[in-house]
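Below is one structure; the comments refer to it alone.
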Amino acid sequence: MLEKRSAHTQNLVEISEAVSRQFVPCEREYISSRVGTADPLLEEQCEPVRGLVHKYHNRVLCLLTAQCASYCRFCTRRRMVSDIEKGRMAHEDIDRWVEYLAERPEVTEVILSGGDPFVAPIELFTYALKTLSELPSIKVIRVGTRVVVSAPELLTEDKLDILRGVRQPLYIGINFEHPDELTEATIEAVGKLRKAGAILYSQTVFLKNVNDDYDTLYALFTRLVEIGVRPYYIYRCDPVAGIDHFRVDFKKERAIMTRLRRNLSGLAYPTYVIDTPFGNGKVPVPLGFWDVDDFKYRDFQGEEHEVI
Ligand code: SF4
């Protein structure tokens with residue numbers, strides 16, 4: 001995976017250890033992992049049209065570009081986020097998405113992701129959002145991004161204008177991992193997205209030596225609510241090859257989330273989930289209030305798994 005950082009990220013890397021660990025490569029990435037595959041969610045097997053992943057009956061994921069402004073070392077899609085050439089979409093690809101969706105009115109929600117959609121060229125970004133927004137069967141549009149954290153300057157006025165033109169409710173999911181990411185520029189970028197009419201939510205991944213402690217997550221989720229971002233999910237780190245060193249002890253994660261549940265408001269508390277192997281659903285982890293087996297669960301298809 002490429003190592004490419006914006007000036008904003010570089011500055012953060014220099015002042016925050018927690019941020020540096022997320023973005024600076026280390027030797028452990030190249031040591032063979034105890035667990036993990038390149039594509040644990042099997043996205044490539046559920047791609048009926050280039051760049052469109054269809055796993056759940058009512059929604060699809062559209063990967064607009066493999067390019068990103070962040071290059072997080074723990075990225076679940078690190079297999080493709082470096083592959084800029086292969087992951088470059090064109091207007092014809094978007095036309096094929098639209099054809100696919102027009103034949104499937106049961107799909108009502110599109111999640112635009114990547115890489116990072118805000119890094120895509122403005123013509124492609126505009127074309128994707130306009131054409132998808134015009135489809136009558138699409139009722140909700142979501143965009144996943146981390147530019148707010150890694151390169152807030154990429155939220156240009158022309159892109160914000162496109163967001164304002166989206167017909168449907170527009171939800172923007174932002175990856176936040178640590179309170180150090182909430183710089184003045186990031187908070188300002190969040191404000192611009194809110195003013196453009198987007199509804200904002202966060203996604204967080206449990207990361208060893210980055211955010212695997214109560215105080216850090218308490219501060220992060222509290223601050224997010226204060227700036228207008230609703231904490232949505234916190235994930236157990238996916239078993240992706242090369243990121244074993246980021247994975248936190250499961251019992252420790254549960255203990256932190258249980259304590260947070262006691263002390264955070266419901267609004268500030270995200271759902272703690274495991275993205276199940278083969279992409280069979282995001283299964284909520286029961287907290288310490290329940291007397292249940294710590295290590296076994298069933299996915300959306302009823303398959304049993306052990307936590308790894
Ligand atoms: S922002 Fe998302 S897509 Fe980009 S590197 Fe980070 S996790 Fe991967």
Side-chain angles (χ1 to χ4, degrees), residues 1-6 8-10 12-13 16 18-26 29 36-41 43-44 47 51-53 61-84 86-89 111-120 124-125 128 142-155 159 171-178 180-183 186 189-190 193 200-208 210-211 220 229 232-247 270 273 275 279 282:
M1 192 163 123
L2 291 177
E3 183 196 349
K4 198 175 162 194
R5 287 191 284 275
S6 68
H8 182 86
T9 306
Q10 184 56 34
L12 268 180
V13 159
S16 166
V19 174
S20 167
R21 288 197 187 102
Q22 295 178 51
F23 294 111
V24 178
C26 75
E29 290 178 33
T37 57
D39 181 16
L41 306 180
E43 290 183 337
E44 289 181 5
E47 199 174 324
L52 181 148
V53 179
L61 181 70
C62 292
L63 303 174
L64 188 64
T65 173
Q67 206 164 349
C68 193
S70 306
Y71 293 98
C72 318
R73 307 315 300 170
F74 53 87
C75 178
T76 295
R77 294 198 190 109
R78 52 190 281 137
R79 68 180 189 281
M80 54 85 72
V81 164
S82 349
D83 199 345
I84 306 300
K86 196 171 147 204
R88 198 188 297 277
M89 293 295 137
I111 303 151
L112 212 56
S113 184
D116 199 310
F118 283 95
V119 176
L124 191 69
F125 182 84
R142 284 204 254 167
V143 181
T145 184
R146 210 181 180 198
V147 290
V148 167
V149 171
S150 53
E153 70 280 2
L154 292 179
L155 280 184
K159 284 186 179 151
Y171 292 79
I172 297 191
I174 310 167
N175 286 51
F176 285 102
E177 311 300 340
H178 192 278
D180 285 355
E181 295 159 19
L182 298 172
T183 60
T186 291
V190 162
L193 289 173
L200 306 185
Y201 63 92
S202 71
Q203 310 208 71
T204 301
V205 182
F206 255 117
L207 298 170
K208 196 185 217 164
V210 173
N211 61 14
L220 176 64
V229 181
Y232 174 55
Y233 273 142
I234 179 163
Y235 296 89
R236 174 153 178 77
C237 186
D238 287 330
V240 181
I243 65 171
D244 214 21
H245 55 290
F246 278 118
R247 306 191 82 230
V273 293
D275 218 343
K282 295 175 177 62

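Whatever order the structure lists them in is the order used to number ligands and atoms, beginning at 1. Just so it is clear, the model here is predicted, and its values are computed rather than measured.
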Discussion item. Assess the residue pair Phe23 and Arg5 against the criterion (side chain to side chain contact (heavy atoms under 4.5 Å, CB included)); give the C-alpha distance rounded to whole Å, side-chain angles, the decisive distance to 0.1 Å, and a yes or no.
Written reply: CA-CA 8 Å; Phe23 294 111; Arg5 287 191 284 275; 4.1 Å; yes
Worksheet entry | Distance filter under 4.0 Å to Cys68 heavy atoms, resulting ligand 1 atoms | 1 (S), 4 (Fe), 5 (S)
Worksheet item: Looking only at non-hydrogen atoms, which of Ala66, Gly115, Ser113 approaches atom 3 (S) of ligand 1 most closely?
Response: Gly115
Worksheet, complete the sentence: So the atoms of ligand 1 within less than 4.0 Å of a heavy atom of Cys75 turn out to be 3 (S), 5 (S), 7 (S), 8 (Fe)
Discussion item. Quick check on contacts: which atoms of ligand 1 are under 4.0 angstrom from a heavy atom of Tyr71?
Written reply: 5 (S)
Response to the item:
Sorted by chain and residue number, the side chain to side chain contact (heavy atoms under 4.5 Å, CB included) partners of Thr183 (sequence neighbours excluded) come out as His8, Leu12, Ala185, Thr186
Practice prompt. Examine Lys282 relative to Tyr235 and say whether NZ or CZ is less than 6.0 Å from the centre of the six-membered ring and inside a 45° cone about the ring axis.
Written response: no
Practice prompt. Mind checking side chain to side chain contact (heavy atoms under 4.5 Å, CB included) for His245 and listing every partner two or more places apart, or none if nothing turns up?
Written response: Cys26, Arg28, Glu29
